[in-house]
There are 2 protein chains.
Amino acid sequence: MSTIETDLLNIKQAAQFLNVSEISIRRWTDSGKLSCLRIGGRRERRFKQQDLTNFLEVQSRSELDVRGVKGVADDKVTKIFLEGIAIDYGNHLCSLYETDIGRVKLSVPFLADGLRAGDKCFLVATKATQKVILDALSETYPATSSDIANSRLILSDGMTTSDGFYDYLEHHFLQSSRQGDQYMRVLGDMAWAIDMGMSTDDLMSFEMRYNHSLAKKFAVVSLCQYDSRKFTGTEIVKALKTHEDTFQFPLSRFVGF
Amino acid sequence: MSTIETDLLNIKQAAQFLNVSEISIRRWTDSGKLSCLRIGGRRERRFKQQDLTNFLEVQSRSELDVRGVKGVADDKVTKIFLEGIAIDYGNHLCSLYETDIGRVKLSVPFLADGLRAGDKCFLVATKATQKVILDALSETYPATSSDIANSRLILSDGMTTSDGFYDYLEHHFLQSSRQGDQYMRVLGDMAWAIDMGMSTDDLMSFEMRYNHSLAKKFAVVSLCQYDSRKFTGTEIVKALKTHEDTFQFPLSRFVGF
DNA sequence: AACACATGATTAACAAAGATAAGTATTGAT
DNA sequence: ATCAATACTTATCTTTGTTAATCATGTGTT
């Protein structure tokens, strides 16, 4: 654990990395196209390698470029927007809800926007929850059922262990990447794990494993939603702790629907 | 599930991690902007990775906000420092802990710093919890018992309803203000309410009432800590929602000790 | 070819970060 | 026990990243 992750580049290094001028880097960060961190009283820019690689477009990206049609092709490639908040690919977030309406409040726009943007989407939930979310999704996004048929939206099926879940996602992520689907979204309704008989310890160790590998290696936004009615206080706290990415956003947007 | 914070970085590693010079690290720690631990007779600096990542600001914040905070950073009259974070008087925060050690992790420095700074401090908790906190407090702040005798530190006593709690605080706040104690701190260990037989609904309505009146009208920093083992998931979520001030800070500092 | 627009270059002023040096004291190793 | 390396503090001085403005160059599109 001694390797210091020196993956924070300053603006000069970032400019070299992308082979552009520092001025462009400044403009891109100012306009929000490229995300960066700030440090110190001079508010110097620091860049995560992944944010820079995310910023690079992939030449071989999908045949039908949904983004291109809308003319926003170059603008929002590195981010998604959820509830007006810009979220980079690579983030692994959680949200907490406490009503049946809350279950679809974030999940539906998250998936609908993803499908519209051409992202490969995954819905991990029990059959019953899948039905609730898909019904609501169909209302705002009529192409839902055809997207399921086309495997643009993939429904979880049959996984009963956290390791199985991990393998499932890794397999699909690799496969999607090979097929040119670089941008992905995962929505997990984590009460699913409980209903599958997983212990919450199991679930948390999955979250940690996922957090350090899959979530960061692929251009995927992962949103894990927790039904606060089905977890204890300590479990909710653990859920928050295993989704540290969430803390950089206004948490009130993700808590308590 | 331990993920021990075994990796304390020295100043060289910290500088490498943030991609800055050691001199800047020294300046930031000296001014209290970046928190660090000290060790040995040479008082060497040691850094938690968590603290370092917290020091990085997210670009999304409007530059005006950041400027404002920085600009008055020297003006310590309007702020306190907890875990290296500047907190304005008027804030009403919550923290979540899940171990007996976590109970004193934030509360003790919060009160110790307050007493050292001459703030009028209030400790609201059951007798048993009071004893635990006061024992730990006495170790780092020897004048604890004399401050209790002098009414610099006031211990809750005998309140059994949320309205009674509110009246109690209002009375003391007014009295303290009249006596020239403008700056105050309240530490509430909210499992106290449960042990007093309050319902969590009662507790939450108190929090909301407090949030909109006392907490904002007086120069008081209020820290409500919740033992996540004694509350349900939904209750924890409600606790978060009734302490929105918390969301403007790096939540990882307040969650899960 | 003409156009619109993104990128690069240049300037300015300011404050913060970096570099350097001197002097102490603690560590860690021989 | 000794000694060199390290980290600390304090101080001064130089360099750099920041914003903002304007202009020139280059790119891709129609």
Side-chain angles (χ1 to χ4, degrees), chain A residues 2 4 6-49 51-52 54-61 65 67-79, chain B residues 7-48 51-76 84 86:
Chain A
S2 53
I4 315 292
T6 172
D7 58 359
L8 281 182
L9 308 189
N10 62 26
I11 190 168
K12 182 172 293 184
Q13 296 167 320
Q16 267 171 11
F17 182 81
L18 296 180
N19 195 12
V20 295
S21 70
E22 298 183 22
I23 301 136
S24 290
I25 299 273
R26 291 205 163 87
R27 273 200 271 251
W28 292 335
T29 56
D30 289 346
S31 64
K33 291 174 187 165
L34 172 61
S35 62
C36 74
L37 302 164
R38 300 293 193 128
I39 189 171
R42 205 156 52 169
R43 305 193 62 243
E44 296 188 10
R45 292 171 175 83
R46 289 295 120 95
F47 298 86
K48 286 194 276 190
Q49 294 248 12
D51 289 337
L52 296 175
N54 277 353
F55 189 72
L56 290 165
E57 294 192 49
V58 175
Q59 197 58 261
S60 62
R61 202 163 92 245
D65 194 355
R67 286 167 226 270
V69 172
K70 298 182 70 176
V72 289
D74 303 326
D75 281 353
K76 303 181 177 174
V77 189
T78 67
K79 302 174 192 300
Chain B
D7 32 5
L8 284 179
L9 310 190
N10 61 27
I11 191 169
K12 181 174 292 185
Q13 296 168 316
Q16 196 179 336
F17 182 81
L18 294 178
N19 199 0
V20 297
S21 70
E22 298 182 24
I23 301 146
S24 291
I25 300 275
R26 290 206 163 88
R27 274 199 273 249
W28 292 335
T29 55
D30 290 346
S31 63
K33 290 172 186 157
L34 171 62
S35 60
C36 74
L37 307 164
R38 300 286 194 140
I39 189 172
R42 206 155 47 168
R43 303 193 61 241
E44 296 187 17
R45 294 169 175 84
R46 289 298 123 91
F47 298 87
K48 286 191 281 187
D51 291 330
L52 297 176
T53 51
N54 280 342
F55 186 70
L56 289 163
E57 296 171 15
V58 197
Q59 154 100 30
S60 67
R61 274 200 233 165
S62 80
E63 48 294 353
L64 207 141
D65 274 350
V66 178
R67 284 262 173 68
V69 170
K70 295 282 170 190
V72 292
D74 324 318
D75 188 8
K76 301 214 174 156

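First the proteins, then the strands, lettered A, B, ... as listed; each starts at 1.
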TODO: Ignoring backbone atoms, establish whether B:R38 has a side-chain N or O less than 4.0 Å from OP1 or OP2 of D:dT9.
DONE: yes
Task: Residue mapping more 5' on DNA chain D - nearest nucleotide basis, B:R27 or B:E22 - done: B:E22
Open item on the list: What is the distance, to the nearest angstrom, from the CD1 atom on B:I11 to the C1' atom on C:dT27?
Closed with: 16 Å
Task: Value in whole Å for how far the P atom of C:dG8 lies from CG of A:L18 - done: 11 Å
Open item on the list: Using the side-chain heavy atoms of B:D30, tell me which of these nucleotides is nearest: D:dA7, C:dG8, D:dT9.
Closed with: D:dT9
Open item on the list: Using whole Å, what does the distance between atom C1' of nucleotide D:dG17 and atom CD of A:Q16 come to?
Closed with: 16 Å
Task: Heavy atoms of other groups near B:L37 CG, more than 12 under 6.0 Å - done: yes
Open item on the list: OP1 or OP2 of C:dA9 versus the side-chain N and O atoms of A:R26: is any pair under 4.0 Å?
Closed with: no
Open item on the list: How many whole angstroms separate atom CZ of A:R42 from atom P of D:dG17?
Closed with: 7 Å
Open item on the list: I want to verify a distance call: between D:dT16, C:dG8, D:dA7, whose nearest atom is closest to the B:N10 side chain?
Closed with: D:dA7
Task: Between D:dA7 (C1') and B:I23 (CD1): distance, integer Å - done: 13 Å
Open item on the list: Distance check, rounded to the nearest 0.5 Å: A:Q16 atom CD versus A:N10 atom CG?
Closed with: 9.0 Å
Open item on the list: Let's see if you can work this out: which of D:dA7, C:dA19, C:dG8 has an atom nearest to the side-chain heavy atoms of B:E44?
Closed with: D:dA7
Open item on the list: If the cut-off is 4.0 Å, is B:R45 near the phosphate of D:dC8, judged by side-chain N/O to OP1 or OP2?
Closed with: yes
Open item on the list: Whole angstroms only, please: what is the CG-C1' distance between B:L9 and D:dA7?
Closed with: 16 Å
Open item on the list: Please tell me if A:R43 has a side-chain N or O lying less than 4.0 Å from either OP1 or OP2 of C:dC14.
Closed with: no
Open item on the list: If we check side chain to side chain contact (heavy atoms under 4.5 Å, CB included) with A:S35, which of these qualifies: A:D51, A:T29, A:N54, A:L52?
Closed with: A:D51
Open item on the list: So, OP1 or OP2 of C:dA16: does either fall under 4.0 Å of a side-chain N or O from B:W28?
Closed with: no
Open item on the list: Rounded at 0.5 Å granularity, tell me how far CD in A:E44 sits from CZ in A:R38.
Closed with: 9.5 Å
TODO: Report yes if the side chains of A:L8 and A:I39 come closer than 4.5 Å at any heavy-atom pair, otherwise no.
DONE: no
- [ ] Determine the contact category for A:R46: base if any of its heavy atoms lies under 4.0 Å from a base atom, sugar-phosphate if only primed atoms, P, OP1 or OP2 are that close, otherwise nothing.
- [x] nothing
- [ ] Please tell me which of the listed nucleotides, C:dT7, D:dG17, C:dA19, lies nearest to the side chain of B:S21?
- [x] C:dA19
